[in-house]
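Chain A is the first sequence line, chain B the second, and so forth, proteins listed ahead of strands; every chain is numbered from 1.
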Amino acid sequence: MTMFSSRNWREYPQRYRLEASKFKKSGKTYFPPRDVDPETGDTEKETVILPDTGKIITYTVIRVAPGQWGDMSPYGLAVAELTDGTRLMAQVTDCDVEEIKIGMEVRIEFRRIQTESHEGVLSYGYKFVPKWY
Amino acid sequence: MREVCVVGVGMSQWGEIWRRSLRQLFVDAASDAIKSSGVDHLDGLYVGCMSSGLFVGQEHLGALMADYLGMRGLPACRVESACASGGMAVRSAFFEVASGASDIVMAAGVEKMTDCSGDDATYALATAADQEYEVFNGATFPGLYAMMAHAHMDRYGTTREMLSAVSVKNHKNGSMNPVAQYPFAITRETVENSVMVADPLRIMDCSPITDGAAAVIVTTEEIAKKLGKPYVKIIGSGVGTDTIQLCQRDDMTTIKAATIAFEKALKMSGKKLDDITFTEVHDCFTIAEIVVLESIGKYQPGEAGKAIVAGETALDGSFPVNTSGGLKSKGHPVGATGVAQVVEVYKQLTGQAEGDRQLKNSPKVGMAQNMGGSGASSVVHIMEVGS
């Protein structure tokens with residue numbers, strides 16, 4: 001599919017800088033950012049930056065994947081809970097996939113994610129790396 | 001609301017059906033349903049389909065299917081809720097009849113998934129997840145359910161043996177289903193020696209890519225009686241939704257959308273959980289069957305896997321699950337699955353299930369649970385034998 005660059009740069013604030021929405025009424029932070037607090041319906045919010053460390057709460061190792069992902073497999077994919085309680089999903093890199101486990105401490109780093117669409121737009125974002133690395 | 005019944009059902013062959021196109025598969029199932037019900041016309045048509053646009057480049061299925069069924073002019077449209085599209089089509093037909101707006105409505109589902117490459121099919125399926133925050137990062141559907149499985153194993157000690165038991169049971173049931181894609185029994189070793197797709201899920205934990213269609217005729221009890229064919233009543237219909245992103249759910253070991261859908265359907269039906277003696281559930285992956293049985297409250301969290309290993313959900317168990325073979329053995333043409341689940345419950349309640357998979361205890365109340373994405377949407381229907 002053709003992808004206009006607007007679809008990519010629209011996501012830069014969250015993909016590049018981990019910008020999230022913190023709502024006034026509930027004090028809750030959501031990533032990616034939202035316009036409406038799903039719990040209170042509140043629309044008053046401020047932009048906050050997520051912490052860059054957390055630990056893995058579940059994971060998988062993708063061994064069969066389509067297209068360009070197939071060339072990268074096997075790769076780790078995990079959900080991490082960050083130190084402020086927010087969660088996000090990302091690839092786990094810079095370690096052997098067999099080392100990935102629940103409870104593992106990770107740090108978020110800015111990385112190249114994929115080559116998107118027929119135009120081959122280089123897309124960047126975040127990945128998890130082991131905290132000790 | 002009026003009482004609503006299912007009076008006729010139809011299925012195409014399921015599998016890799018090279019000789020039949022998207023529209024032909026639909027016509028196979030729809031003609032079957034019309035014939036078995038004996039209705040002489042339809043007042044409306046809902047076609048459940050997840051992604052014909054990506055699979056074969058065809059949208060606008062309402063008009064297309066009405067035309068090819070030989071019913072030009074018929075009010076018709078497509079209904080979409082990812083893999084729960086079929087269940088949503090049944091629900092749309094249910095409310096159209098219940099409201100009194102129409103008397104005879106067809107709910108059908110269809111998907112043609114093998115006219116494109118495996119990569120393209122995987123891409124199409126992945127659009128049921130969050131494109132920008134899951135798929136963008138390399139998530140696949142087996143991957144999402146694998147993460148649920150790891151979380152479930154970590155919290156409840158769910159084992160490889162429990163996952164395998166789901167697959168073995170469903171293949172055994174499916175071996176007795178003449179339209180199933182993979183109608184053969186398998187062993188635990190077959191599952192556990194199969195290729196790892198996304199740890200801990202192996203290929204034999206995953207439902208296949210399938211071409212197929214299913215259709216049911218939904219009407220009033222008065223018309224159903226007049227037609228003189230076996231019929232069942234739809235006594236409860238419920239839908240629930242949740243976050244499309246798996247990681248945004250408080251608890252990744254349960255599917256809240258299924259809980260909501262089930263509770264709504266149960267409330268409408270006036271029945272109790274224990275009145276339901278068998279069910280079809282959305283086993284797109286083996287872990288899904290375990291999680292759904294817990295999410296509807298049939299088993300306590302962490303207990304469903306043990307019950308499946310103990311044989312409680314087998315054909316001769318206390319609560320048979322996926323007598324049709326489920327998505328695993330029967331196949332999973334995504335938009336058709338939810339309708340086919342209703343077809344199976346209809347067959348079991350009217351004593352028409354083929355082969356030895358017909359339940360012996362003359363069941364009175366059964367259920368169909370259909371699900372979209374990694375559990376972001378779910379549709380539940382509860383059905384009871386007609387008088």
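Between A/Y124 and A/F110, the ring centre distance stays below 6.0 Å.
Using a 4.5 Å cut-off between non-hydrogen atoms, the part of residues 11-47 of chain A that approaches chain B consists of A/E11, A/Q14, A/R15, A/F31, A/P32, A/R34. Scanning residues 130-142 of chain B against chain A with a 4.5 Å heavy-atom cutoff picks out B/Q131, B/E132, B/Y133, B/E134, B/V135, B/F136, B/N137, B/G138, B/A139, B/T140, ordered by number. Within residues 74-84 of chain A, the residues having any heavy atom less than 4.5 Å from a heavy atom of chain B are, in residue-number order, A/Y75, A/L77, A/A78, A/V79.
Most heavy-atom pairs under 4.5 Å with chain A: of the set B/L246, B/V197, B/L201, B/T122, this distinction falls to B/V197.
Checked against side-chain contact (heavy atoms from CB on, under 4.5 Å), B/T158 has the following partners two or more places apart in sequence or in another chain: B/H152, B/M153, B/Y156, B/M162, B/I290.
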In sequence, state the C-alpha distance, the side-chain angles, and the governing distance for A/K101 and A/E99, and then conclude on salt bridge (Lys or Arg N to Asp or Glu O under 4.0 Å). CA-CA 6 Å; A/K101 57 178 193 283; A/E99 290 177 274; over 6 Å; no

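Contact of B/M196 with chain A is made through backbone and side chain together, with heavy-atom distances under 4.5 Å. Interface residue A/I62: backbone and side-chain heavy atoms are both found under 4.5 Å from chain B. For B/L144, the part lying near chain A is the side chain, with the backbone staying farther off; criterion is any non-hydrogen pair under 4.5 Å. With a threshold of 4.5 angstrom between heavy atoms, B/R202 does not approach chain A through any atom at all.
Nearest heavy atoms, B/S51 versus B/E111: N-OE2, 3.0 Å.
Each of B/E189, B/M204, B/R188 was scored for a side-chain contact (heavy atoms from CB on, under 4.5 Å) with B/S164, with one residue passing: B/R188.
For CG of B/D250, the number of neighbouring non-hydrogen atoms (other residues, nucleotides, ligands) closer than 6.0 Å is 12 at most.
Distance CG/B/N193 to CD1/B/I203: 14.0 Å, rounded to 0.5 Å. To the nearest 0.5 Å, atoms OG1 (A/T53) and NZ (A/K55) are separated by 11.5 Å. Atom CE in B/M88 sits 11.5 Å away from atom SG in B/C83 (nearest 0.5 Å).
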